[in-house]
Amino acid sequence: MSARTPPPIFFMAATVDDRMVPAIHSIKMAEKLQNEGLPYELHMFQYGDHGFSLGRNLIEPFLQEKAHACAQWLPLAKTFLMHQVSPETTGKEKSPFAMFEN
C-alpha cells in the first residue's frame with residue numbers, strides 16, 4: 001500500500017433467507033470491521049436468497065416477488081460510496097425526522 005492507495009471501505013448486503021451463506025456471517029464481518037474502525041455499511045434484507053444482486057432469485061425463480069425489497073441494494077451502495085468519496089455530500093441529505101424537530 002502507498003499513500004495513494006485508497007482506504008478500504010465495505011458495503012455489504014445480505015438476506016436472512018440465504019441458504020448458501022448464513023446471514024450471521026455478514027453480521028460477524030460487520031462486527032470485525034466495527035472493531036477495526038473501518039468504514040462499512042450492512043443491509044440485511046428479509047427475503048432475496050443467494051444471488052439477489054443480479055435482480056432475480058436464482059435458486060427459486062417462482063419466489064421472485066419476495067425479493068423486491070433487496071433490489072434497493074444498488075442505490076444504497078451508490079449513496080454509501082458517494083459519501084465515502086465526497087463526505088460533504090452527507091450534508092445535503094434531509095433528516096427523515098426533520099418534521100419532528102423544532
Side-chain angles (χ1 to χ4, degrees):
M1 293 181 74
S2 72
R4 295 187 305 168
T5 303
I9 56 175
F10 300 85
F11 179 88
M12 299 174 287
T15 63
V16 174
D17 70 342
D18 188 331
R19 288 173 281 163
M20 294 184 82
V21 179
I24 195 68
H25 289 195
S26 296
I27 295 168
K28 288 179 180 179
M29 178 68 172
E31 180 182 33
K32 289 179 188 236
L33 294 170
Q34 179 74 31
N35 291 339
E36 293 294 322
L38 294 170
Y40 72 94
E41 189 163 303
L42 169 62
H43 293 271
M44 188 67 65
F45 299 99
Q46 184 67 40
Y47 303 109
D49 214 335
H50 196 76
F52 73 83
S53 67
L54 298 175
R56 58 188 186 279
N57 187 320
L58 298 178
I59 308 298
E60 298 171 317
F62 59 90
L63 293 177
Q64 179 63 33
E65 70 282 353
K66 291 180 82 176
H68 68 279
C70 62
Q72 293 303 309
W73 79 268
L74 190 55
L76 291 168
K78 178 183 173 189
T79 300
F80 171 71
L81 294 172
M82 182 176 68
H83 291 173
Q84 298 301 311
V85 173
S86 298
E88 66 276 5
T89 62
T90 60
K92 295 179 183 177
E93 291 184 5
K94 185 176 177 184
S95 168
F97 302 106
M99 69 175 83
F100 303 112
E101 297 171 355
N102 291 330

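Bear in mind that the values here come from a model prediction, so they are computed numbers and not experimental data. Side chains are part of it too, since the values below use all heavy atoms of this structure and drop only hydrogens, waters and symmetry mates.
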Test side-chain contact (heavy atoms from CB on, under 4.5 Å) applied to I27 and I24, step by step: CA-CA 5 Å; I27 295 168; I24 195 68; 4.2 Å; yes
F80 side, atom CZ; F10 side, atom CZ - distance, nearest 0.5 Å: 9.5 Å
Shortest non-hydrogen separation from A14 to S26 and the atoms involved: CB-OG, 3.4 Å
Shortest non-hydrogen contact between I9 and L81, atoms and distance: CD1-CD2, 3.4 Å
Same cluster (ILVMFWY, side-chain, under 4.5 Å), L38 and M82: no
Partners passing side chain to side chain contact (heavy atoms under 4.5 Å, CB included) against A23 (at least two apart in sequence or in another chain): M44
Same apolar cluster: M12 and V21, side chain cutoff 4.5 Å: no
Sole residue of L42, T79, L76 in side-chain contact (heavy atoms from CB on, under 4.5 Å) with F11: L76
Sequence neighbours excluded, every pair satisfying side chain to side chain donor-acceptor pair (under 3.5 Å) that has a member inside residues 34-44: Q34-Y40, E41-H43
